[in-house]
Student: 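Pasting in a structure now, in structure tokens, and then I'll have a few things to ask.
Just so you know, these numbers use all the heavy atoms, side chains as well, and skip hydrogens, waters and symmetry mates. The structure displayed is predicted, hence computed values, not measured ones.
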Amino acid sequence: MNPSFTTNYREMAPWLEAILNDCQDSVFITDRHFNLLHWNVAAEEMWFKQSRRPAKKNIVDFLNTLFPGHAEVHSQLQRAIALDEQVEDIFVAAPDDRTYRVSCYTHKFPGTQYLLDVVIIIRDLQATIHRKKNITPGVLYNTLLNSLDEGVLLLQGEQGTIISANNKACDITGFSHEQIIGRNLTELGGKLFKEDGTPLQVQEYPAMVTLRTGEVIQNRVLGFINARGRLTWLSINTCLLEEYNARVPGLVAVTFNDVTACKEAESRLTESEYIFQSFMNNTHSPAWIIDEDGFIIYMNDTFKRVWKLNDAHLYSNMRDLMPKAMVEEYMANNRKVLDTNQPLITIENSIRRDGTPGVYLVFKFLLQTSTPKRLIGGQSIDITEERKAQEEIIKSNERFYYTTKASSDYIWDWNIEKGTIYRSEPFSQLTGYMQNDMDNDLYWLLEKIHIEDRQRVMGHINACLMARNNYWHDEYRFRCADGSYKYLSDKGYIIYKDGIAVRAIGAIQDLTEKRKLEAELTQQKEKERLRINQAMIAGQDFERNEISKELHDNVNQILSSAMIMLTTARSSADEQEFLIEKTTQYIDLAIQEIRKISKSLNSSIIKEVGLIDPVEDIIKNMQLVRPVVVDFECDPELEDELSHDVQLMLYRIIQEQTNNILRYAEAGYVRIAIEKNEQSLTLLIQDNGKGFDITKQTKGIGLLNILNRAETLGGTLIIDTKPMGGCRILVQIPVT
């Protein structure tokens, strides 16, 4: 006979094999459907006596063969599983007149209602009696009692006097036979208490209740401090051995088992289950246990909330609870765990707490159990936000890469902690250095900066870092690979961590062409300034000449005439009064001419009388020189709105252009209009004179002065003229 015998479905654990094979009772371990998984040597001996061995079969078939006509055995076993009850006393008789006691126990997965195993124990009650049939009744009685695994006490009388006790009873209570026989229950020194710690009164002791009422008590679990001071938990049964009579107390048998180890194990299991449940239900990660066919064995509260499930969905198949697109991926990963017997970390799509689609990091692993079907544990972490952030980082890196390709700037990234610098590829095109020629540190760059700029740049960088400034900007000359220098504009953003600079990112722009253009523009502006100065000097000279002409040709002639008349008046007494009067008129005319010249040159007149009156004086003077019709349009309110500088500029332009009209245009009609809107102030001076070809005729000093005056206030000058087509000038000044 083999020392142990088992099915080939799954090998029995060594510790379980040793325990089962040391047991004299027949022990069978089955699944919830009573399919055989394990058995011990005693069970194998029982099988050999049967015509049909039950290996790899159902225990129900074996029991029907062993106990024909006892269908109630199967029904009681089914009831034990359905109601989660332990059944210990199923007594049946075999065809050979042997009596057997059948017990059934269930084993569930910790923390769940999932049934792992069913343990069925069959004890031959008559084996010991048949082996001892030649023994005397007294010896047989004592031998039988002392061979039992239960403690047995026989009590009689109202005080529960102990008249018999087996060895096991003495061992459990801690008393010897001499100490326990003849003693009352209340004299044993130990006290019974309930499972919740409440003391039990003497009249409530199971034996005393049976003595007093005849009530049979079964499997009452009570605590007991034995004679050695050890806490012992007892499972107590009582029954009357004689017919109960209220006047004459009967004989009571008390049997009890030491269930301390079971109680402690149950307590540890309960505590472990509590810790397990507390941990799993307080974690924010969904967790579950599923069998190899996809049926849910366990799910924590987070898993239930995510999938909107409850305990009623236990033992349901995941295929019925999850969307088809998700469950196929889920079951495929389960199959990988089952096929490889190795844990699996994977990424799966699932549902988030708010019902939106999410991405989870899932850890799946096999649970080491003896269940008929393998179990897979799983836990998942919501990484949806992390996945989105990772995708954004990838996109940002792609954008950064393509930006460096498409941008005209030259990107750099300085890792200050490591002292390394990344430079984009266009930097090589800018400077002529190949990537292999460039060291990835700051010192390589500083060595290439012009010596006149280097100390300034280094000092500026150091000052920004010391002041914890976020932005840095400088311009310097950089020596390229061919020895030439380029002007570069360098800008950077500095990143700090705990007040320490760790990284800087920036861009470089090539300012070489811009600097060349700026130099050229500066030269052009200098030339323009010289030209304007020359024009102003020429204008001043022209104006002085004009004044000189006016004084010489007009005022001087008038005064000379007045002098001649005064001289004549001295020698001609007859005409003296007439000549003096005439001299007075000439002197007054000279005064008027001088006043007119002074008035045209005096800019303070605008401050004193405004713009309109001086312009009308210009018009009157025009009409004194030659017959010309002049229309002048200007809103008087503009004198209050326009500044003195603007009014003076308009006055000088009108003065300049009317002089040009009188000298060159030979016009008979002139229109002068000043208008203002929300965007600009405009001055229009138009005549019907002979005009000129602007493409052939260089601008004279008069038009140049008009242009300079307009540009001084940010304005523009438009000249529209052609030979024999008159002339039209339009000055526009922006309104601020």
Side-chain angles (χ1 to χ4, degrees), residues 1-68 70 73-74 76-77 80-81 86-108 115-133 135 143-150 167-168 171 257-259 261-262 265 368-372:
M1 183 185 301
N2 295 331
S4 64
F5 189 82
T6 181
T7 68
N8 59 6
Y9 178 78
R10 186 179 292 109
E11 291 298 325
M12 188 188 304
W15 63 269
L16 179 60
E17 180 180 349
I19 292 175
L20 293 182
N21 289 329
D22 285 343
C23 181
Q24 296 181 356
D25 296 332
S26 300
V27 181
F28 302 86
I29 299 178
T30 76
D31 63 13
R32 65 183 293 113
H33 304 295
F34 300 114
N35 295 315
L36 286 168
L37 300 176
H38 307 295
W39 54 84
N40 66 350
V41 174
E44 187 177 351
E45 291 178 350
M46 182 176 290
W47 294 338
F48 285 154
K49 297 176 183 179
Q50 306 302 314
S51 59
R52 296 170 58 197
R53 294 182 60 191
K56 299 182 182 180
K57 294 184 179 179
N58 197 288
I59 188 65
V60 175
D61 297 334
F62 173 67
L63 294 177
N64 289 337
T65 303
L66 184 63
F67 310 121
H70 290 278
V73 175
H74 182 208
Q76 290 191 58
L77 294 179
I81 294 175
Q86 297 181 0
V87 178
E88 295 184 337
D89 296 314
I90 304 175
F91 296 97
V92 291
D96 58 358
D97 294 330
R98 288 178 175 272
T99 301
Y100 293 87
R101 172 181 157 180
V102 180
S103 302
C104 176
Y105 306 91
T106 58
H107 175 212
K108 294 186 177 182
L115 182 63
L116 292 178
D117 304 303
V118 179
V119 181
I120 298 175
I121 302 175
I122 302 177
R123 173 176 294 181
D124 186 348
L125 296 179
Q126 292 177 290
T128 303
I129 297 176
H130 287 173
R131 286 195 297 269
K132 305 293 183 178
K133 60 183 178 180
I135 301 177
T143 301
L144 177 61
L145 285 181
N146 290 325
S147 66
L148 296 177
D149 291 332
E150 298 91 347
N167 292 339
K168 191 65 175 179
D171 180 60
N257 289 312
D258 184 350
V259 294
C262 294
Q368 300 300 321
T369 66
S370 59
T371 56

Student: Would you say Asn58's side chain and His33's backbone share a donor-acceptor pair under 3.5 angstrom?
Tutor: yes
Student: Under the 3.5 angstrom rule, does the side chain of Asn64 hit a backbone N or O of Val60 as a donor-acceptor pair?
Tutor: yes
Student: Any side-chain heavy-atom pair from Leu36 and Phe28 closer than 4.5 angstrom?
Tutor: yes
Student: Are the side chain of Asp258 and the backbone of Glu150 linked by a donor-acceptor contact shorter than 3.5 Å?
Tutor: no
Student: Test side chain to side chain contact (heavy atoms under 4.5 Å, CB included) on Val102 and Val92 and set out the steps.
Tutor: CA-CA 8 Å; Val102 180; Val92 291; 4.2 Å; yes
Student: Does some side-chain heavy atom of Leu37 sit less than 4.5 Å from a side-chain heavy atom of Asp117?
Tutor: yes
Student: Does Thr30 form a side chain to side chain contact (heavy atoms under 4.5 Å, CB included) with Ile59? I'd like the steps, not just the answer.
Tutor: CA-CA 8 Å; Thr30 76; Ile59 188 65; 4.0 Å; yes
Student: What is the distance from atom CD1 of Ile81 to atom OG1 of Thr106, rounded to the nearest 0.5 Å?
Tutor: 8.0 Å
Student: May I ask you to test the Cys104-Val118 pair for a side-chain heavy-atom distance under 4.5 Å?
Tutor: yes
Student: First locate atom CD1 of Ile122, then atom CZ of Phe62, and finally report the distance between them rounded to the nearest 0.5 Å.
Tutor: 5.5 Å
Student: Nearest 0.5 Å, please: how far is CD1 in Ile121 from OH in Tyr105?
Tutor: 5.0 Å
Student: Using atom types as modelled and distance alone, determine if a side-chain donor or acceptor of Asp124 lies under 3.5 Å from a backbone N or O of Tyr100.
Tutor: no
Student: Does the pair Val27 and Val119 meet the rule for a side chain to side chain contact (heavy atoms under 4.5 Å, CB included), with working shown?
Tutor: CA-CA 7 Å; Val27 181; Val119 181; 4.1 Å; yes
Student: Can you list the steps and then say if Thr65 with Leu63 is a side chain to side chain contact (heavy atoms under 4.5 Å, CB included)?
Tutor: CA-CA 5 Å; Thr65 303; Leu63 294 177; over 6 Å; no
Student: Suppose we screen for salt bridge (Lys or Arg N to Asp or Glu O under 4.0 Å). Which residues come up paired with Asp31, at least two apart in sequence or across chains?
Tutor: none
Student: About how many Å separate OG of Ser103 and CZ of Arg123, when rounded to the nearest 0.5 Å?
Tutor: 7.5 Å
Student: For the atom pair OG (Ser26) and CG (Asn40), what is the distance rounded to the nearest 0.5 Å?
Tutor: 6.0 Å
